[in-house]
Amino acid sequence: MSINITFPDGNQKSFDAPVTGLAIAQAISPGLAKKAALVSVNGELWDLARPIEADAAISIITRDKPEALETIRHDAAHVMAQAVQELYPGTQITFGPSTETGFYYDFARAEPFTEGDLEQIEQRMRQIVKRDLPITREVWSHADAVRHFEAAGETFKAEWIRDGLQDRMLTIYRQGDQWLDLCLGPHLPSTGRLGTAFKLTKVSGAYWRGDASKAQLQRIYGLAFATEDELKAHLKMIEEAEKRDHRKLGRTLDLFHLQEEAIGQVFWHPKGWALYRALEDYVRRQLDAAGYQEVRTPMLVDRQLWEDSGHWANYRRNMFIAEVDEGEIAGQQRRSVLAVKPMNCPCHVQIFRQGTRSYRDLPLRMAEFGACHRYEPSGALHGLMRVRGFVQDDAHIFCTEAQISSETVAFCDLLKRMYRDLGFDDVSVKFSDRPDNRAGEDAIWDRAEDALRKAVEQTGLPYTLNPGEGAFYGPKLEFVLRDAIGRDWQCGTLQVDFVLPERLDAGYVAEDGSRHRPVMLHRAILGSFERFIGILIENFAGAFPLWLAPVQAVVAPIVSDADSYASRVCDALRQAGLRVEADLRNEKINYKIREHASQKIPVIVVVGRKEAEEGTVTLRFRGQERQQTLPLAEAVAILQGSGPNTDLAA
RNA sequence: GCCGGAAUAGCUCAGUCGGUAGAGCGACUGAUUCGUAAUCAGUAGGUCGCAGGUUCGAUUCCUGUUUCCGGCACCA
C-alpha cells in the first residue's frame with residue numbers, strides 16, 4: 001500500500017506505507033537526514049523513526065529550528081537522568097521537562113547531590129552522547145507501565161501513572177537497551193544527536209508535584225542549546241547579569257545596605273536615597289498632573305478594620321502584629337491588637353467614607369506613597385526585589401462601573417509614558433479574568449472584563465490572557481516590562497474590586513438621589529519603590545541617566561591652585577539644583593577620572609588653571625571620549641535642562 | 001517555611017592536616033601639584049557570624065542557632 005506525503009511547498013510524493021520521517025528525509029537528501037531532528041506530521045511533532053501509516057502533510061524539522069530546541073533540551077533531561085541512575089543506583093526518577101534555557105530533572109535520593117557531583121554527571125552525560133544510543137518509542141498498556149515501574153522500585157513514577165494517568169495507553173521512550181522513561185515525546189533519534197552544547201548549573205530542592213506538603217526531591221538544572229555558540233552567548237549573558245546584580249552595585253555605588261537586625265528592610269544610604277527621591281519626585285509630578293490626590297494614612301491600624309476588610313481572615317499570616325497593654329480600664333485589663341498595614345486600600349476607603357460622596361466626586365483618584373509591611377517567607381527575601389518593608393506607588397480610583405474603561409485607558413497611557421521616561425520601551429500586559437472561586441455576579445464580571453479588554457486594546461499594548469487568574473474580587477491587568485538584557489519584570493497592576501467597597505460600606509449618592517457602591521481600582525505603576533529601584537539598578541547597570549543619578553556631577557580640579565575655583569563651580573551647580581560634589585583630594589586627575597568613571601557619575605567637571613583663569617569648565621560625559629570646554633553659565637544651563645525627556649542622560 | 005551551600009579586615013578573597021591570621025584595594029599620615037581611567041612611601045585596622053561541646057589549646061572538629069546565597073514553595 002502506498003500513501004501520499006505532502007511537503008510544505010505543496011509538492012506530493014508517494015511512499016510505501018509505513019514510512020518514517022527519517023526515510024522521507026533520506027529520500028530528499030542525505031544532508032537533510034543528517035540535520036533532521038523531528039518530523040511534523042499534520043502539525044504534530046513526531047519522532048523521526050515513528051511510522052507514518054496514512055496520507056499526511058509533513059515537514060522535516062532540522063535541529064536549528066526552534067521546535068527542535070525544546071526536544072534537544074528534553075533529551076538532555078533524559079540523558080542526565082540516565083547518567084544519574086548509572087552513577088547513583090537506587091536514585092528514582094520523577095519529572096524532567098525542558099525550560100526556557102535548558103532543562104531540569106527531579107530525583108528522589110536520600111543522599112544529597114553536591115556541586116561536585118555535577119561535574120561527574122556531566123562527564124557521564126557526554127559519554128552517553130558518545131555511545132549514541134538509539135532512542136525508541138514504545139506504546140505500553142497502563143497496567144504494564146505500573147507493573148514495570150513498581151518492579152523497578154520507581155515509586156514516584158508508578159504513583160503518577162496509577163493516580164494521574166488513569167487507564168490510558170502510554171508512550172515509553174527507551175534509551176539504549178535498558179534505560180527507559182515514561183514520556184510523551186517526541187525525542188531525537190539517538191543520544192548522539194543531542195550534541196555537546198549543554199552544561200549542568202545547579203542543584204536544589206523541589207517538591208514532588210510542586211506541593212510543599214509532599215516529598216522534597218532534588219532538582220538538577222542544566223543549560224542546553226543547539227550549538228556551542230548559543231551556549232557560550234547564554235553564559236555570557238549570565239555573567240553580564242551577575243555584574244549588574246543590584247546587591248553588588250548597591251554596595252559598590254554606596255546606595256543602601258541590609259542587615260540582620262532588620263531583615264527584609266532597607267537602610268538607604270545618602271546616594272541611594274537621592275535616587276529614591278529623584279524617582280519619587282518624578283512619580284509625584286506625574287500623579288499630580290494626572291489628577292490624583294495624594295494622601296497619607298496610618299501605619300498601625302486596629303484589628304477591627306482588618307477584620308472588616310477581610311484581611312484578618314485571608315492575609316493574617318503575612319501581617320506584622322503589634323500588641324499593646326493599655327492598662328486597666330474600669331477595672332479590666334485592656335489590650336489593643338494593631339496590625340502594621342500590609343496594604344493601603346482599607347485606609348483609603350476610610351478617607352473616602354468621610355462625609356457624603358456624590359457621583360460628582362467620581363472618579364476620585366486617591367494616591368499614597370504607602371509604607372507597607374508584609375511578613376514574607378524567609379526564603380522569598382531577595383535584596384531589594386523582595387522585602388518585608390516597602391513603599392508602594394499606590395492609588396485607588398473610586399469610580400462608577402461605567403468609568404472603569406476610561407480610567408483604565410488613562411492609567412495605561414500614564415503607565416506607558418512613565419515606563420518610557422524611566423528607560424523601558426518594551427511593555428506587555430497579562431490579563432487575568434474570572435477565577436472559579438469568586439465574588440460578585442457574572443453580569444458584573446462580564447462588564448468589567450469587557451471594559452479592561454477594550455481599554456488594553458485601545459492603548460495598543462500587546463497582551464496575553466491568563467484565564468482564571470484574576471483575584472476573587474475582580475479581574476486584573478498586570479504590566480510586564482523587559483529590561484536591557486531581556487529579562488521580564490512584572491511591575492504595574494490594575495485590579496478591579498467589587499468587594500471591598502461593599503465590605504467597608506463605601507457609598508455615593510447618584511444623580512437621582514439613590515445610594516450606590518463605587519467600584520475600586522487598585523493600581524500601581526512601579527509596584528514598590530524598593531523593587532523598582534532594584535530593577536533600575538540592574539537595567540542601567542548602575543549607570544543612571546543624569547536626572548536619576550544620585551551624584552550627577554563631580555567637580556575635579558587638576559591642581560590644588562584650582563581648588564577654590566572648583567568649590568565655586570560646585571556651589572554654582574548646586575544652587576542650580578544639581579546633585580554635585582567637589583573632589584578636592586590630593587590626587588592626580590587620572591586617578592579622579594578613573595574613580596568617578598567607575599562610580600558611573602554622568603558628568604565629570606574638570607577644572608585646571610586654564611579654566612580657573614577663563615571662568616570656564618570642561619565637561620566630560622560618561623561613556624564619551626568627547627569633552628567640551630565652555631563658560632560656567634552655559635554648562636549650568638545644559639546640566640540643568642536635563643530631565644526625563646532629554647537624552648543628554650544617555 | 002523546605003532542600004543544599006556559605007559566613008575570615010570597610011570591600012574582594014587567601015590561609016590554618018587544631019597552637020588566636022595574611023594579600024590586594026580602600027582608610028589614615030607624609031611627600032608629590034602632576035591636563036583626562038590607578039604617583040610614591042609609611043601607619044592603623046580582625047573576639048575568623050553567634051552560642052554550646054570535644055580538647056592542654058578551637059577561627060579550624062562536632063552540635064545548635066542567625067543571616068546570606070541558589071532553587072522550591074509562597075506572592076489573599
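For A:E595 and B:A27, the CD to P distance is 7 Å, given to the nearest whole Å. Separating the NZ atom of A:K248 from the C1' atom of B:G10 is a distance of 16 Å, rounded to the nearest angstrom. A straight line from CG of A:L118 to C1' of B:G70 spans 12 Å, rounded to a whole angstrom. One can place CD of A:E260 at 10 Å from C1' of B:A7, the figure rounded to the nearest angstrom. Between A:E115 atom CD and B:A6 atom P there is a gap of 10 Å when expressed in whole angstrom units. Here B:G26 presents its P atom at 16 Å from CG of A:D254, a figure rounded to the nearest Å. In this structure, A:Q259 places its CD atom 15 Å from C1' of B:C50, rounding to the nearest Å. Protein atom CZ of A:F103 is 15 Å distant from nucleotide atom C1' of B:G71, rounded to whole Å.
The listed nucleotides are B:C72, B:U67, B:A38; the one nearest the side chain of A:Y591 is B:A38. Counting only heavy atoms from C-beta on, A:A380 has its side chain closest to B:C74 among B:C74, B:A76, B:C11. Of the candidates B:C72, B:C11, B:A76, B:C72 carries the atom nearest the A:R219 side chain, counting heavy atoms from C-beta on. Closest contact between the side chain of A:I589 and the listed nucleotides B:A27, B:A37, B:G35 involves B:G35. For A:P377, the listed nucleotide lying nearest its side chain is B:A73; candidates were B:G35, B:A37, B:A73. Nearest to the side-chain atoms of A:E587 among the listed nucleotides B:A76, B:U39, B:C72 stands B:U39. Distances were taken from every side-chain heavy atom of A:F472 (C-beta onward) to each of B:A76, B:U36, B:G1; the shortest belongs to B:A76. Here the side chain of A:R620 is nearest to one of B:C68, B:U12, B:A37, namely B:A37. Listed nucleotides: B:U36, B:A76, B:G70. Nearest to the side chain of A:M343: B:A76. Comparing atom distances between the A:I263 side chain and each of B:C68, B:A73, B:A76 picks out B:C68 as nearest.
Counting only N and O atoms by type, the side chains of A:E154 and A:Q85 include a donor and acceptor under 3.5 Å apart. Using modelled atom types and a 3.5 Å distance limit, the side chains of A:T618 and A:E611 yield a donor-acceptor pair.
A gap of 27 Å separates the P atoms of B:U12 and B:U20, to the nearest Å. Taking the C1' atoms as reference points, B:G15 lies 14 Å from B:G46, given to the whole Å. The same atom, P, is picked in B:C13 and in B:A73; the two are 29 Å apart, to the nearest Å. For the P atoms, the distance from B:G35 to B:G22 is 40 Å, rounded to whole Å. Between the P atoms of B:A27 and B:G18, the separation comes to 38 Å (whole Å). Using C1' as the reference atom, B:A23 and B:U16 are 15 Å apart when rounded to the nearest Å. Only the C1' atoms considered, B:C50 is 7 Å distant from B:U66, to the nearest whole Å. Nucleotides B:C61 and B:U43 have their C1' atoms positioned 37 Å apart, rounded to a whole Å.
Among the heavy atoms of the strands, none lies under 4.0 Å from A:G310. Within the 4.0 angstrom heavy-atom criterion, only backbone atoms of the sugar-phosphate kind lie near A:Y221; the bases stay farther away. Note on A:R531: nothing from the nucleic acid sits closer than 4.0 angstrom, heavy atoms only. Using a 4.0 Å heavy-atom cutoff across all strands shown, A:Q490 reaches no nucleic acid atom at all. A:R247 comes within 4.0 angstrom of the backbone, heavy atoms only, and of no base. The residue A:K202 sits close only to the backbone: its heavy atoms come under 4.0 Å of sugar-phosphate atoms, none of a base. Within 4.0 Å of A:T618, counting heavy atoms only, lies at least one base atom of the nucleic acid. Residue A:K610 is in base contact, counting any heavy-atom pair closer than 4.0 Å across all strands shown.
For B:A37, the base has no donor-acceptor partner in the side chain of A:H596 [N/O atoms by modelled type, under 3.5 angstrom]. Counting distance only, with no hydrogens placed and no angle test, the side-chain atoms of A:Y207 and the base atoms of B:G1 include a donor-acceptor pair under 3.5 Å. One donor-acceptor pair, N or O on each side, does fall under 3.5 Å between the base of B:C74 and the side chain of A:R386. In the interface, the side chain of A:Q627 is not paired with the base of B:G35 through any donor and acceptor atom under 3.5 Å apart.
Across the strands present, B:C40 finds its partner in B:G30; the criterion is a Watson-Crick or G-U wobble pair with both atom distances under 3.5 angstrom. As the counterpart of B:U65, B:G49 is assigned, both hydrogen-bonding distances of the Watson-Crick or G-U wobble pattern falling under 3.5 Å. Partner assigned to B:C17 is none, using Watson-Crick or G-U wobble distances below 3.5 angstrom. Under the Watson-Crick or G-U wobble criterion, with both distances below 3.5 Å, B:G70 is paired with B:C3.
Using a 4.0 Å cut-off, some side-chain N or O of A:H382 falls inside it from OP1 or OP2 of B:G70. An OP1 or OP2 oxygen of B:A27 is reached within less than 4.0 angstrom by a side-chain nitrogen or oxygen of A:R585. For A:R609, a side-chain nitrogen or oxygen approaches OP1 or OP2 of B:C34 to under 4.0 Å. Listed pair A:N590 / B:U36 fails the phosphate criterion, with no side-chain N or O lying under 4.0 Å from OP1 or OP2. Taking only side-chain nitrogens and oxygens, A:S378 comes nearer than 4.0 Å to OP1 or OP2 of B:G1.
Under a cutoff of 6.0 Å and an axis angle of 45°, A:K157 and A:F95 form a cation-pi pair. At least one test fails for A:R303 against the ring of A:W306: distance under 6.0 Å to the centre or angle within 45° of the axis. A cation-pi geometry, defined here as NZ or CZ lying under 6.0 Å from the six-membered ring centre and within 45° of its normal, holds between A:R388 and A:Y375. The side-chain tip of A:R73 points at the ring of A:F225 from less than 6.0 angstrom away and within 45° of straight on. Under the 6.0 Å distance and 45° angle rule, A:K202 counts as a cation-pi partner of A:Y221.
Both A:P112 and A:G383 lie close to RNA chain B; mapped to their nearest nucleotides by heavy-atom distance, the more 5′-ward contact belongs to A:P112.
Atom-to-atom distance recorded for A:D497:CG and A:F472:CZ is 7.5 Å, nearest 0.5 angstrom.
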Practice prompt. Could you walk me through whether A:T297 and A:Q350 pass side chain to side chain contact (heavy atoms under 4.5 Å, CB included), step by step?
Written response: CA-CA 9 Å; A:T297 61; A:Q350 302 315 302; over 6 Å; no
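By the 30° and 60° cut-offs, the orientation of the rings of A:F352 relative to A:F398 is parallel.
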